[in-house]
Amino acid sequence: MNPIAEVWFFNQGWQPHGFQKETWKAIATGRSGLLNAPTGFGKTFALWFGILQHYYEDKHFRRQQQKFKTTKLHALWITPLRALSKEIYKATQELSAELELDYRIELRTGDTTIAQRQKQRKSPPQALITTPESVHLILASKGAADYFKHLEFIVVDEWHELMGSKRGVLVELALSRLKAINPKLKIWGVSATIGNLEEAQEILLGKDHNGVLVRAQIQKKLSIETVFPDNLERFPWAGHLGIKLLDKVVDIVNRYGTTLIFTNTRSQAEIWYQHIITAYPEFAGLLAIHHGSLSDEIRQWVEQALHEGKLKAVVCTSSLDLGVDFRPVNCVVQIGSPKGIARFLQRAGRSGHRPYETSHIYYVPTNSLEIIEGDSLKYAVAHHIVEQRIPYIRSFDVLLQYLTTLAVGDGLEAHVVFEEVKKTHCFESITEDEFAQCMAMLVHGGKSLSAYPDFHRLVLVDGLYKVESRKLAMRHRLSVGAIVSDLMMRVKFMSGKYLGSIEESFISRLKAGDVFWFSGRQLELIQVRNIEAIVKPSTRRTGVVPSWMGGRFSISPDLGIAIRHSFSHIRKRTGKSDEIKFLQPLFKEQENRSGLPQEDELLVEYIHTKYGYHLFVYPFEGKLVHEGVAQVLAYRFGKIQPVTFSIASNEYGFELLSATPFSIDQALITELLSPKHLHKDITEGINVQEMARRRFRDIAGIAGLVFQGYPGKQMKSKHLQANAGLFFSVFEDYDPHNLLLRQAYDEVFDFQLEEGRMQRAFDRISSHRIVLTFPEKLTPFAFPIFSESFRERYSNEDWQSRLETLKLQLEGKFE
DNA sequence: GACCTGCTGCGGGTTG
């Protein structure tokens with residue numbers, strides 16, 4: 001038994017688990033590894049003990065025998081959140097104090113003051129707790145290699161969270177450098193359970209690693225309950241708010257000590273908060289709200305109050321998904337579909353955050369059909385179905401940033417760094433030629449920008465590429481990182497009248513002439529100019545594009561599988577779960593009006609209403625895929641018959657709506673849904689170029705092509721003119737093989753259109769038997785999709801103002 | 001007849 005741990009555990013009155021001993025042993029024998037264990041079982045301590053043991057030469061460490069002293073950085077702990085860094089810092093401070101260790105642990109994030117940073121440079125602590133971005137910032141300073149030379153351990157916390165994003169690429173690249181500086185570096189990762197844990201390990205530790213995978217053999221106890229409405233008849237067929245079940249949620253809150261109420265959107269959180277306070281004024285002061293639009297102060301106040309057990313409940317969004325552990329929380333409520341199994345589990349795990357305590361989660365459906373997800377979630381959890389995290393590959397934007405980082409720091413030797421980079425998972429396939437292209441872009445702007453001196457950034461000095469301009473170096477440090485916030489576009493009439501702002505990601509998907517809803521008006525897009533969308537009022541009925549949203553919020557493929565599984569039970573009448581029994585009347589209705597699809601069937605409904613001619617299709621593939629499938633279908637249809645469609649979709653299916661009748665039969669549907677020539681039809685049927693252009697903005701920002709401006713300062717530089725859109729056009733015209741340009745298109749196909757998933761969906765559908773019905777009225781399946789297209793969109797002004805009043809209320813609390 | 005969808009995360013500073 002690890003002697004330091006012994007002391008600690010003795011003092012705590014704890015019994016160490018098998019996985020902790022396994023971790024210590026692995027670390028003691030000089031191995032790297034990945035640790036997977038449920039939250040609340042002391043993963044963090046397990047790793048710290050191993051690291052500390054290594055630090056003290058004397059294996060039989062006792063207080064009086066501290067003899068290892070150094071001013072060298074010994075361990076680096078990377079977390080994805082500043083708040084998490086602080087949490088780990090606090091815990092380790094306590095530990096150090098308890099054991100009277102001579103081991104200095106410090107924090108280094110964006111919050112760290114300049115003075116502290118300077119001190120850390122001069123006399124490094126033994127351990128540094130930090131973020132991926134801050135590690136890159138250290139790499140971007142002189143003497144970085146020296147600073148990291150004695151580093152023995154690196155821990156990447158919540159690796160599953162980083163891996164699926166470009167921040168994961170930042171970590172991969174930093175590791176490649178640190179490993180090169182010190183080949184004996186031991187890497188440890190901490191990951192929640194995901195579908196591809198082995199892959200996660202391989203990406204972190206590198207190919208041919210001989211690290212261990214420590215899996216705790218502890219099953220966290222989890223209780224899942226669906227909250228049912230009193231009767232199905234009075235429960236809405238559509239909608240996503242769930243406020244009808246307010247009283248039942250309050251009942252749950254009353255039964256537990258502290259409850260987190262998760263909603264899917266910020267506005268939904270606001271609405272729930274208001275409704276609870278209005279209906280139950282006794283909750284004033286005991287109920288709080290937490291999401292990304294609130295100020296840091298409010299959020300910190302809420303977190304602190306949660307810690308201290310002062311709150312009865314907090315209504316929140318994903319902002320409380322991760323990180324800080326709130327011991328008093330012993331119940332979680334999920335309003336609406338959690339959209340993914342991993343996220344559902346993650347949220348459930350926010351409660352009962354102690355060994356052997358049960359996590360309680362209540363699932364609150366917001367419309368009739370959604371009730372079924374209660375059954376699907378239980379099925380998925382019971383069968384250990386969890387999503388994978390898909391790592392980014394070939395993110396040349398991050399590579400360009402990284403190369404600049406090195407050049408700002410100690411300077412880089414191209415062929416050395418090429419070999420290092422090639423060992424990462426992300427750039428496994430990079431060729432010498434591609435790397436040379438990257439270098440060329442940094443040295444003289446590459447093929448198309450060499451005429452501009454601003455893009456001659458790297459200079460070769462004694463075999464090392466360096467950034468010599470202090471201005472450029474400074475600017476680079478400011479823009480380190482891979483998080484790009486969504487741009488807001490100003491919506492304006494031709495006269496110049498300003499209507500409001502809207503996510504650029506939405507506008508970028510429209511073509512001139514498309515009609516959309518905004519702030520309660522129906523508008524036609526005339527043109528997009530820089531960051532302005534010029535529109536005019538429209539009354540046109542057809543061609544309305546209600547939304548091509550959902551870029552990020554579709555249900556996961558795995559939850560989709562679980563939902564399809566639940567549906568298969570309904571038709572076969574094998575479902576024994578409460579959810580399926582409860583929904584019988586609804587499905588009866590569906591069957592009477594149209595039909596219920598089996599697992600190997602695809603239901604298609606053709607319905608004529610006063611609004612037009614609707615074609616409803618139900619593949620159960622998630623909203624994102626449905627949007628794409630619908631576009632392709634509409635495009636293919638348009639080539640056969642002259643019909644204009646508007647499109648709507650939800651998690652279960654999609655709708656093509658036309659003002660004019662069209663003819664349809666089984667054979668035609670089969671043909672329209674053929675998986676053949678899919679790539680071609682996507683490219684032609686969807687405005688891929690515009691999507692790539694929008695994607696390119698992020699890429700250009702990360703790559704350092706466009707400078708985002710000094711924080712808090714107005715950007716005056718002429719670089720503003722050289723915006724991403726311009727680069728995109730230049731590359732399209734003069735450098736079509738540009739790596740960043742190609743990356744933009746790849747990302748569109750991989751992440752936005754999810755071409756792979758779409759292809760699989762088409763493949764699956766093509767093997768299904770098509771059941772075509774002609775119902776007289778809208779069916780329970782059709783109604784939610786139908787209502788989707790008749791909703792006002794983007795009138796989020798009123799919840800913004802609600803937000804303001806709330807802020808005022810909360811601020812009153814501070815006094 | 002039923003309908004208020006769209007999250008989160010990070011981030012300057014020594015060559016006087």
Side-chain angles (χ1 to χ4, degrees), chain A residues 79-85 109-115 117-118 121-122 130-137 140-143 158 161-162 165-167 170 232-244 262-271 275 290-293 316-323 335-340 343 366-368 401 408 470-471 473-486 503 505-506 520 547 549-554 623-624 650-651 702 708 710-711 777-778 780 783-796 798-799 802:
Chain A
T79 78
L81 268 71
R82 280 192 308 240
L84 202 58
S85 298
T109 67
D111 300 339
T112 312
T113 63
I114 299 165
R117 284 175 200 190
Q118 282 172 339
R121 287 288 304 280
K122 264 199 226 117
T130 183
T131 60
E133 287 80 5
S134 287
V135 176
H136 277 251
L137 283 168
S141 62
K142 305 272 183 271
E158 311 267 13
E161 199 58 40
L162 291 166
S165 76
K166 285 187 184 174
R167 300 182 77 198
L170 285 176
L232 186 60
E233 285 70 42
R234 303 262 299 278
F235 204 55
W237 278 10
H240 292 275
L241 204 51
I243 219 77
K244 285 231 161 75
F262 282 100
T263 63
N264 283 335
T265 71
R266 288 173 299 210
S267 58
Q268 198 182 10
E270 296 288 342
I271 292 166
H275 274 82
H290 193 281
H291 59 65
S293 296
C316 59
T317 62
S318 290
S319 55
L320 287 183
D321 260 5
L322 255 198
I335 314 269
S337 168
K339 312 281 181 183
R343 183 197 292 204
T366 55
N367 60 51
S368 305
Q401 185 187 101
V408 168
R470 286 187 56 192
K471 194 176 116 203
M474 168 72 140
R475 204 178 256 193
H476 178 73
R477 288 195 194 96
L478 271 169
S479 41
V480 159
I483 298 172
V484 184
S485 310
D486 204 0
E503 284 99 335
S505 56
F506 175 73
S547 78
M549 268 297 289
R552 296 174 297 207
F553 241 29
S554 199
K623 185 167 165 103
L624 193 53
N650 70 3
E651 304 300 345
I702 294 173
Q708 316 277 353
Y710 293 94
K777 292 192 281 188
L778 290 172
F783 189 82
I785 307 174
F786 163 81
S787 70
E788 192 92 347
S789 53
F790 283 82
R791 201 195 325 267
E792 271 186 7
R793 303 210 146 250
Y794 291 100
S795 58
N796 50 11
D798 50 0
W799 83 261
R802 236 191 310 249

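Atom set for the values below is all heavy atoms of this structure, side chains included, hydrogens, waters and symmetry mates excluded. Below, chains carry the letters A, B, ... as their sequence lines are ordered, and counting in each starts from 1.
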Please list, chain by chain and in numerical order, all residues satisfying side chain to side chain donor-acceptor pair (under 3.5 Å) with A:S134, sequence neighbours excluded.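 So A:S134 forms a side chain to side chain donor-acceptor pair (under 3.5 Å) with A:T131.
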
Just to verify, what does A:H290 make a side chain to side chain donor-acceptor pair (under 3.5 Å) with, not counting sequence neighbours?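 Counting only residues at least two positions away or on another chain, A:H290 forms a side chain to side chain donor-acceptor pair (under 3.5 Å) with A:E303, A:S319.
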
Return the set of residues passing side-chain contact (heavy atoms from CB on, under 4.5 Å) with A:I483 (not counting sequence neighbours), or none when no residue passes.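 Testing A:I483 for side-chain contact (heavy atoms from CB on, under 4.5 Å), a comparison that skips the adjacent residues, returns A:E133, A:R167.
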
Suppose we screen for side-chain contact (heavy atoms from CB on, under 4.5 Å). Which residues come up paired with A:A473, at least two apart in sequence or across chains?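 Listed in chain order: A:V408, A:V467, A:R477.
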
With a 4.0 Å limit, can you tell me whether A:S319 has a side-chain N or O closer than that to the phosphate oxygens OP1/OP2 of B:dG9?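 A:S319 to B:dG9 OP1/OP2: no side-chain N or O under 4.0 Å.
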
When you check the phosphate oxygens OP1 and OP2 of B:dC3, does a side-chain N or O of A:K244 lie under 4.0 Å from one of them?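 Yes.
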
Residue whose nearest DNA chain B nucleotide is more 5′ - A:Q268 or A:E233: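 On the 5' side of the pair lies A:E233.
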
How close do A:V484 and A:I702 get, counting heavy atoms only, and between which atoms?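 For A:V484 and A:I702, the tightest heavy-atom pair comes out as CG2-CG1, 3.8 Å.
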
Let me know the distance between CH2 of A:W237 and C1' of B:dA2, rounded to the nearest Å.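 Nearest whole value for this atom pair: 8 Å.
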
Kindly give the atom pairs (protein nitrogen or oxygen, nucleotide nitrogen or oxygen) under 3.5 Å for nucleotides 14-16 of chain B.
residue	atom	partner	partner atom	Å
B:dT15	OP1	A:R470	NH2	3.2

Sugar-phosphate, base or nothing in reach of A:S165, heavy atoms under 4.0 Å: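 Touches nothing.
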
Using the side-chain heavy atoms of A:I271, tell me which of these nucleotides is nearest: B:dC4, B:dC10, B:dC7.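 Selected nucleotide: B:dC4.
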
